[in-house]
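So the structure is just underneath, and the comments pick up after that.
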Amino acid sequence: MRVIYLNLSIVFLFILFLVAFFPLGAYFFTFVAVSVIAISKIDNQIKKSSLFFLTLFFLLVSIVINEVSIQRFINGNDDFTTYYNNYLSLLNGNMSDIFYFGGGFEVGLPLINLFLTKIINGPYPYVTQIFFIFLFFLSMCVLVEKNTIFRNDNKYLLLIWALLLFKITSMLTIERQAVSSFFVLLAIFSFSNTKKGLFLIIGSLFHLSAVVVYFLVNMILRVKTFKSAFGIILLCLIFLVFSSVLLQFLYNLFPNEKLGYVVYFINNHEYIINEFVKSTKQILYVLPLLIFAIVFKIKGHNWNLLPSLFLFVSLMLILSILPGVPTRIFMPIIFFLYGFYYYDFFCSFNQKNQVLIIIAFSLLFTIYKVIIPGYYLRYPMVETYPFYYVSDFYQSQGNVQRSELPESIIINNENKL
């Protein structure tokens, strides 16, 4: 037993070393360590939980360091600029900006910003992002606990899968929809109509689309047969034939910025192509799973969620003809549920094989963060003195005119060291 605790001490010291000098290495190694702990046979469940969540804490810290290394305020398409300006306005005492979004109804994010002004009390955009990373992390933990649709034989492994495919970079870009998506999923996972209504009301305080998103995402998650999936796809295709007229009618009844955007650009081929590319990028994360599941089905192994995943991927591509629609209305799935799908499929595999697959995925995402120029733009990936990135967390930033930022930018970040 002493040997085991000595080995664990060495492991945690090594993780701390990586966090201090090479946080991206810590990101990979903690996924390995936490996966092994998740399937380990430790009789004392309290000790196992303590080890698991301690390792998970180091994983969370490494995620924070990775995400905060991305430079903000360089692209006009980043909604975080608007959210941060709202934070600054509230920091300066402009209480009327609590009602800035959604015609004054969407007060959820401004209220969080108001709370952050009391805690942070300074113009530190990356500190506000750290808070939201912690918030999204806790949200994922709650969803794993409240899950009533996906399998949850081993909640430790489910949480690891969920965090592995967590789209936190995108969530920090559109925080209002991210928080709203969390409450939409809570409503879907709830059996009580009272709770469903309460969660949807709270979700609507962050984004008014919550109710519509709830019905569409709930429909996808509840599909159990290909007959139902193809029926919904057919209805969707029929809707698209008349979409221009129907959306214009809805816009005349309920004029709003988002619906107006779709109506204005519905016949713009450039925007449609861009939306198709965006949708394709989003489904690439689950396309291997879809192909793998189809192959297994051909061999006679049925997976209950295959029709659901197939429908999701199909609608993402089909609805790309409506600029800005598919990625917006299916955000709860994109942001939170990719890992749930993967776990549900692979949980029938041997747990050791699951861990090997998780390690392979975590290595792939680690390499991805090395290749993508956006990561480690604000500070290097490796340094010779410990916790070198902390001072950059407190970089100050004043009000940013989003309209003056370029819509696209080429980032040159070849030497991350």
Side-chain angles (χ1 to χ4, degrees), residues 149-150 177 180-181 184-185 187-189 193 196 200 203-204 207-256 258-269 271-287 289-291 293-294 297 302-338 340-341 344:
I149 293 178
F150 301 87
Q177 291 92 327
S180 179
S181 295
V184 166
L185 289 176
I188 292 173
F189 289 161
N193 288 331
K196 286 180 184 291
L200 288 178
S204 298
H207 206 274
L208 287 171
S209 63
V211 176
V212 174
V213 171
Y214 165 81
F215 282 109
L216 293 172
V217 172
N218 189 55
M219 174 189 67
I220 289 176
L221 295 179
R222 303 291 180 183
V223 165
K224 298 300 180 185
T225 65
F226 278 100
K227 181 179 179 180
S228 299
F230 282 115
I232 293 170
I233 290 171
L234 179 61
L235 289 175
C236 184
L237 291 172
I238 294 172
F239 165 76
L240 288 179
V241 174
F242 305 99
S243 60
S244 182
V245 175
L246 290 173
L247 290 173
Q248 183 64 60
F249 175 74
L250 288 174
Y251 179 69
N252 292 336
L253 285 179
F254 310 104
N256 64 83
K258 298 300 181 185
L259 195 55
Y261 175 89
V262 179
V263 170
Y264 187 78
F265 292 110
I266 195 169
N267 295 315
N268 188 306
H269 295 292
Y271 276 76
I272 292 172
I273 292 172
N274 288 341
E275 191 64 37
F276 183 80
V277 171
K278 284 169 57 180
S279 296
T280 303
K281 288 180 179 178
Q282 295 295 351
I283 65 173
L284 279 177
Y285 288 87
V286 290
L287 202 56
L289 176 61
L290 179 63
I291 295 171
I294 290 173
K297 182 173 178 60
N302 288 322
W303 177 42
N304 290 337
L305 290 177
L306 178 55
S308 170
L309 185 62
F310 173 77
L311 178 60
F312 164 70
V313 171
S314 300
L315 293 184
M316 281 288 292
L317 295 175
I318 293 170
L319 292 175
S320 294
I321 198 172
L322 304 175
V325 170
T327 51
R328 296 277 179 176
I329 61 177
F330 298 131
M331 274 183 186
I333 297 176
I334 296 169
F335 284 167
F336 289 102
L337 297 186
Y338 279 179
F340 284 72
Y341 274 107
D344 196 281

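Just so it is clear, the model here is predicted, and its values are computed rather than measured.
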Give a yes or no on whether the backbone of Leu240 and the side-chain of Ser243 come within a donor-acceptor separation of less than 3.5 Å.
yes

Any residue meeting side chain to side chain contact (heavy atoms under 4.5 Å, CB included) with Leu284, in chain and number order, not counting sequence neighbours:
Leu287

Residues two or more places apart in sequence or in another chain: which of them pass ring-ring contact (aromatic ring centres under 6.0 Å, His included) with Tyr214?
none

Listed by chain and number, what are the side-chain hydrogen bond (donor to acceptor under 3.5 Å, both in side chains) partners of Ser320, not counting sequence neighbours?
Ser279

Would you mind listing every salt bridge (charged side-chain N to carboxylate O under 4.0 Å, His left out) that reaches into residues 225-247, with sequence neighbours excluded?
none

Only counting residues at least two apart or in another chain, list the ones meeting side-chain hydrogen bond (donor to acceptor under 3.5 Å, both in side chains) with Lys297.
Asn302

Only counting residues at least two apart or in another chain, list the ones meeting side-chain hydrogen bond (donor to acceptor under 3.5 Å, both in side chains) with Ser204.
none

Going by salt bridge (charged side-chain N to carboxylate O under 4.0 Å, His left out), name the pairs with one or both residues in residues 242-256, residues two or more places apart or in two chains.
none

Contacts of Phe230 that satisfy ring-ring contact (aromatic ring centres under 6.0 Å, His included) - sequence neighbours left out
Phe310

Partner set under side chain to side chain contact (heavy atoms under 4.5 Å, CB included) for Val325, not counting sequence neighbours:
Val262, Leu322, Ile329

The side-chain hydrogen bond (donor to acceptor under 3.5 Å, both in side chains) partners of Thr280 (sequence neighbours excluded) come to none

Can you see which heavy atom on Cys236 is nearest to which on Leu319, and at what distance?
SG-CD2, 3.4 Å

With Tyr341, which residues qualify under ring-ring contact (aromatic ring centres under 6.0 Å, His included), at least two apart?
Phe150

Which class fits the ring pair Phe330 and Phe312: parallel under 30°, tilted 30 to 60°, perpendicular over 60°?
perpendicular

Working to the nearest 0.5 Å, report the span between CZ of Arg328 and CD of Gln177.
4.5 Å

Applying salt bridge (charged side-chain N to carboxylate O under 4.0 Å, His left out), can you list everything that pairs with Lys278, at least two apart in sequence or on another chain?
Glu275

